Amino acid sequence: MKEDRHFIAESTLEARLASSLHSREQRNIRRRLPEPSSFSSSSGPIDFSSNDYLSLASSPTLRDVFLDKLRAAPDVLGSGGSRLLVNGQAHSALEARLAQFFHSPAAILFNSGFDANVGFFFLLHDGIRAARVRDAQFQFEHNSMRAFCAMISKLLKERPELQSGQNSLFVAVESLYSMDGTFAPLAEIVQTLEESFPARNAYLVVDEAHSTGIYGPQGRGRVAQLGLENKVLARLHTFGKALAATGAVILTSALIRDYLVNYARSLIYTTSLSFANIVAAESSFDMLMDGTAAQLSKDVLELSEYFVESLRPRLQNIPIHLLSLPLHVQYLSPASPASPIIPIMTSLPRPLSAYLLNLGMNARPITWPTVPKGKDRVRVCLHAGNTTSDVDRLIAGMLHITKQQHARRTE
Ligand SMILES: Cc1ncc(COP(=O)(O)O)c(C=O)c1O
């Protein structure tokens with residue numbers, strides 16, 4: 001009897017799960033893991049998709065540095081448990097190195113950028129609940145300083161506790177946004193916060209996941225590039241993208257580090273990074289510190305400019321909805337420099353991406369709900385290891401299929 005009930009509950013559960021997946025299928029938003037075979041050999045498609053912007057994942061130099069360090073390391077395998085319980089010597093040494101490198105008072109490692117964000121922002125969430133603040137989260141129009149300033153004025157008017165400095169405001173942004181390749185106006189945000197909150201109770205938190213290794217001196221990120229290290233509460237750098245490793249670090253004050261060690265669940269209740277992961281991260285930071293990354297960054301950003309300069313004039317006779325470059329990509333400035341992420345706006349992201357894959361190039365379609373409706377795109381991620389002839393092939397492929405579609409529609 002007991003077993004029967006269990007069986008019924010499970011089958012109801014399965015029916016519900018299957019129905020959710022089916023509904024996604026019908027709405028064309030079902031996610032699937034890519035076929036492993038499409039990535040398995042060196043003759044696989046040209047990579048216009050991964051976050052390995054500096055191509056360090058296939059760098060023989062990094063591989064050699066890593067293997068040499070691994071051989072010499074006192075500990076190389078699993079760390080054995082939570083950071084609070086086990087030998088954290090290698091972790092502490094990396095944290096000390098990163099605090100110094102990034103000019104930060106303190107640094108704390110997490111197993112991933114996701115864990116770091118969950119750890120940090122859950123504390124804010126807990127704080128909001130404990131303080132019983134209502135309507136505590138707000139969004140402003142992407143990168144619009146006008147919208148940001150309007151939001152700040154409204155908040156200050158409606159919430160005297162903010163004006164008096166009794167409550168705090170936290171502003172969280174990404175320095176380089178991964179879907180658009182746009183840059184948060186960090187300097188302007190800092191200035192607005194300083195002017196609007198003389199009690200210094202507004203704090204900026206910057207996620208540098210996509211800018212780590214690429215921008216700033218030695219790849220230290222956009223905050224460092226703009227000289228804002230002392231103006232932000234916390235910075236997140238992840239190791240899994242341009243650094244070809246795993247893990248993440250939050251750079252912040254010693255007090256907040258201590259607070260995270262005490263309250264961040266994604267730090268406390270998880271096995272800390274394995275020693276091999278620490279060695280990998282150390283090796284990647286060697287590449288940043290010795291200038292290797294700076295050269296690779298220059299390469300990928302030059303390639304990005306080449307791509308845009310080559311594509312832009314060839315889009316003139318193509319309807320904007322079929323293929324276009326967003327304005328921020330076309331007009332570079334210090335506030336909006338070249339980026340390895342270039343969204344190609346198109347109403348036909350899936351056929352375009354499928355056609356490119358057929359030609360041996362992997363650039364992924366990005367559609368709603370990942371991006372707003374009407375903002376579908378094929379996202380091109382460039383890498384230091386891509387060549388100008390790879391980019392020429394990409395452009396030729398995109399133009400060919402788009403012109404074909406255009407001709408078919410106007411027949
Ligand atoms: C902006 C941003 N922050 C954090 C993360 C998470 O980092 P990780 O891959 O190390 O978990 C990602 C993506 O993975 C990201 O795009």
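In this text the structure is predicted, and so the values were computed from the model without any measurement. Whatever order the structure lists them in is the order used to number ligands and atoms, beginning at 1.
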Show me the donor-acceptor pairs within less than 3.5 Å that the side chains of residues 301-309 make with the rest of the protein, sequence neighbours left out.
| unit_1 | atom_1 | unit_2 | atom_2 | d |
| --- | --- | --- | --- | --- |
| Glu302 | OE2 | Lys298 | NZ | 3.2 |
| Ser304 | OG | Ser339 | O | 2.8 |
| Tyr306 | OH | Asp392 | OD1 | 2.6 |
| Tyr306 | OH | Asp392 | OD2 | 3.2 |
| Glu309 | OE1 | Arg312 | NH2 | 3.0 |
| Glu309 | OE2 | Arg312 | NH2 | 3.0 |

Worksheet item: Can Thr387 and Asp390 be counted as having a side-chain donor-acceptor contact under 3.5 angstrom?
Response: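 Yes.
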
Fill in: Asp376: partners by salt bridge (Lys or Arg N to Asp or Glu O under 4.0 Å), with sequence neighbours left out
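Asp376 satisfies salt bridge (Lys or Arg N to Asp or Glu O under 4.0 Å) with no other residue.
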
Quick check for students: name every N or O atom pair between ligand 1 and the protein closer than 3.5 Å, with distances.
| unit_1 | atom_1 | unit_2 | atom_2 | d |
| --- | --- | --- | --- | --- |
| ligand 1 | 3 (N) | Asp207 | OD1 | 3.3 |
| ligand 1 | 3 (N) | Asp207 | OD2 | 2.6 |
| ligand 1 | 10 (O) | Gly113 | N | 2.7 |
| ligand 1 | 11 (O) | Gly113 | N | 3.2 |
| ligand 1 | 11 (O) | Phe114 | N | 2.9 |
| ligand 1 | 14 (O) | Lys241 | NZ | 2.7 |
| ligand 1 | 16 (O) | His210 | NE2 | 2.8 |

Practice prompt. Report the C-alpha distance between Leu311 and Met398 in whole Å, list the side-chain angles of each, state the deciding distance to 0.1 Å, and finish with yes or no for side chain to side chain contact (heavy atoms under 4.5 Å, CB included).
Written response: CA-CA 10 Å; Leu311 178 61; Met398 288 194 308; 3.9 Å; yes

Worksheet item: Are the side chain of Arg31 and the backbone N or O of Arg24 linked by a donor-acceptor pair below 3.5 Å?
Response: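 Checked: no pair found.
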
Fill in: For His406, all residues meeting ring pair (Phe, Tyr, Trp, His ring centres under 6.0 Å), sequence neighbours excluded
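With sequence neighbours excluded, His406 shows a ring pair (Phe, Tyr, Trp, His ring centres under 6.0 Å) to no residue whatsoever.
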
